[in-house]
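Inspection log for the structure reproduced underneath, given as structure tokens.
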Amino acid sequence: MGADPGLFTPDSVTWQLHGDPMMWVAGIRALYLQALHPRAVRGVMANSDFRRDAWGRLMRTANFVGTTTYGTAEAAERAGARVRKIHSMLGATDPETGERYGVDDPDLLLWVHCAEIDSYLHVVRRSGFPLTDAQADRYLAEHRASARLVGLDPAAVPADGEELAAYFEKSRPRLAAGADAHEVYDFLLRPPTHPLLIPAREVLWRRVAHLAYAALPPYAHELYGTPAPEPAVVTRRLRATGTVLRCVPARLRWQLPPKHILRAMARLGPAARPAPYKVGR
């Protein structure tokens, strides 16, 4: 009683959707999509050592999403403040114009936000998570709150599917798959790993990375220059993968660090357990 329910609360679509195991596939799709914005990907290349700390970067991103979704409101605000502080100190140089810009440029932040939220919603829904269009719009509206945490004006962030589609349509002329994007593409297919784990990377990771790539919009495949299977085939594979992953007991899946969902349930009680059927309540 009286425990802090957090930024979104257990009544939100976000609370239920972010507990789905297909979020990991969605996160990789987001990286492919984000890399198609030349300035956004240049900011990453200029300010992070993702080649040598790939897993650390992925876990920091997962930790931020988990904290803002399932942590207390205070913890979410602290996480946002850290991100804003780091971004305020970083910049990059446009390889074409030579212009220096900050990675906290609102246009870049908006692209990264929209690519991420669209990927979460698209992959999880397409893999079989039950969500109506109205509930999907509610999810997008909820994430004006997460956009504020990273420094965006919530009023400038798409709040429903129609606004999000219009944003991507307007953004397409600025997108390109340059050398930086292709480096990210190659990296996601073959991330560095311990020699003993290379067989597992080839068998498991590459399948996940290929599936995430296949789930991109057709214009992204065209830009990268690598075709993907027919949409119906991709949907079947997403649904099959979602079915298999959802067969793993949730309590077991949630044991993986950093255990945000289990901590939220300990704080708020078992009724806070995320589940798809709670979305429509």
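Keep in mind that the numbers below use all heavy atoms, side chains included, and drop hydrogens, waters and symmetry copies.
At a cut-off of 3.5 Å, with distance as the only test, no side-chain donor of S127 or R239 sits close to an acceptor on the other residue. Under 3.5 Å, the side chains of H143 and S146 contain a donor-acceptor pair of N or O atoms.
When atom types are taken as modelled, the side chain of W111 and the backbone of A40 share no donor-acceptor pair closer than 3.5 angstrom. A donor-acceptor pair is defined here as one N or O able to donate and one able to accept, closer than 3.5 Å; no such pair exists between the side chain of R190 and the backbone of R206. Put simply, the side chain of D4 gets close to the backbone of A73: a donor and an acceptor are under 3.5 Å apart. With hydrogens and angles ignored, the 3.5 Å screen pairs no side-chain donor or acceptor of Q255 with any backbone N or O of L252. Of the possible polar contacts, none joining the E116 side chain to the L31 backbone as a donor-acceptor pair under 3.5 Å is found. Of the possible polar contacts, none joining the Y32 side chain to the A220 backbone as a donor-acceptor pair under 3.5 Å is found. At least one donor-acceptor pair closer than 3.5 Å links the side chain of E163 to the backbone N or O of A159. In this structure, N47 contributes its side chain and G91 its backbone to a donor-acceptor pair below 3.5 Å. Side chain of W15 to main chain of A275: no donor-acceptor pair is present (N/O by atom type, distance under 3.5 Å, no hydrogens or angles). K278 places a side-chain N or O within 3.5 Å of a backbone atom of R273 that can act as its donor or acceptor partner.
M23 and W205 fall within a single hydrophobic cluster, where Ile, Leu, Val, Met, Phe, Trp and Tyr side chains are chained together by heavy-atom contacts under 4.5 Å. The hydrophobic clustering, which links ILVMFWY residues whose side-chain heavy atoms are closer than 4.5 Å, places F8 and L152 apart. Clustering ILVMFWY residues whenever any of their side-chain heavy atoms sit less than 4.5 angstrom apart, transitively, puts L223 in the very cluster that holds Y167. Both V208 and L33 belong to a common hydrophobic cluster when Ile, Leu, Val, Met, Phe, Trp and Tyr are linked at side-chain heavy-atom distances under 4.5 angstrom. By the rule that hydrophobic residues join a cluster once side-chain heavy atoms approach within less than 4.5 Å of another member, Y185 and L211 end up as members of one cluster.
Aromatic pair Y139/H18: ring centres closer than 6.0 Å.
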Salt bridge (Lys or Arg N to Asp or Glu O under 4.0 Å) between D118 and R29, worked out: CA-CA 10 Å; D118 175 73; R29 179 194 190 263; 2.9 Å; yes

D20 vs Y120, side-chain contact (heavy atoms from CB on, under 4.5 Å): CA-CA, chis, key distance, verdict: CA-CA 10 Å; D20 193 86; Y120 295 160; over 6 Å; no

Worked verdict on T69 versus L7 for side-chain contact (heavy atoms from CB on, under 4.5 Å): CA-CA 7 Å; T69 303; L7 188 68; over 6 Å; no

Verdict with supporting geometry, Y224 and L36, side-chain contact (heavy atoms from CB on, under 4.5 Å): CA-CA 8 Å; Y224 274 115; L36 290 175; 3.6 Å; yes

E77/R82 under salt bridge (Lys or Arg N to Asp or Glu O under 4.0 Å): CA gap, chis, key distance, verdict: CA-CA 9 Å; E77 295 293 345; R82 283 195 298 271; over 6 Å; no

side-chain contact (heavy atoms from CB on, under 4.5 Å) between F64 and T68, worked out: CA-CA 6 Å; F64 178 79; T68 56; 3.8 Å; yes

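Residue-environment remark: CZ (R84) exceeds the threshold of 12 foreign heavy atoms within 6.0 Å. Within a 6.0 Å radius of CD in E99, other residues, nucleotides and ligands contribute more than 12 heavy atoms. For E162, the CD atom counts as loosely surrounded, since its 6.0 Å shell holds 12 or fewer non-hydrogen atoms of other residues, nucleotides or ligands. Open room surrounds CD on E96; 12 or fewer heavy atoms of other groups in view lie less than 6.0 Å from it.
The two residues H260 and Y70 have their closest heavy-atom pair at O-CB, 3.8 Å. Smallest separation of non-hydrogen atoms from G43 and V103: CA-CG1, 4.0 Å. Contact detail for I261 and P274: the closest heavy-atom pair is CG2-CD, 3.7 Å. Heavy atoms only, all atoms of each residue included: V124 and R246 are closest at O-NH2, 3.8 Å. Nearest heavy-atom pair, E142 versus V13, reported as atom, atom and distance to 0.1 Å: OE2-N, 3.0 Å. The minimum heavy-atom distance linking A26 with V123 is given by the pair CB-CB, 3.7 Å.
For the atom pair CZ (R144) and CG (D153), the distance works out to 8.5 Å, reported to the nearest 0.5 Å. Rounding to the nearest 0.5 Å places OG1 of T226 at 9.5 Å from NE2 of H210. From L149, atom CG reaches atom NE2 of H113 across 10.5 Å, with rounding to the nearest 0.5 Å. To the nearest 0.5 Å, atom CZ of residue R172 and atom CG of residue L175 are 8.5 Å apart. With values rounded to the nearest 0.5 angstrom, R126 atom CZ is found 12.5 Å from L121 atom CG. Rounded to the nearest 0.5 angstrom, R263 CZ and L268 CG are separated by 12.5 Å.
At least one side-chain heavy atom of L262 sits under 4.5 Å from a side-chain heavy atom of R251. Using a 4.5 Å heavy-atom threshold, the side chains of P229 and R237 count as touching. Considering only heavy atoms from C-beta on, P5 comes within 4.5 Å of P10 through its side chain. Residues V279 and P130 form no side-chain contact, since every pair of their non-hydrogen atoms from C-beta on lies 4.5 Å or further apart.
Residues that satisfy the side-chain contact (heavy atoms from CB on, under 4.5 Å) test with L245, not counting sequence neighbours, are P21, M22, T241. Scanning for side-chain hydrogen bond (donor to acceptor under 3.5 Å, both in side chains) contacts around S171 gives R174, with sequence neighbours left out.
Contact check on R125 versus D133 returns a salt bridge, with a Lys/Arg side-chain nitrogen under 4.0 Å from an Asp/Glu carboxylate oxygen.
A cation-pi arrangement is present between R39 and Y101 under the rule of less than 6.0 angstrom and at most 45 degrees off the ring axis.
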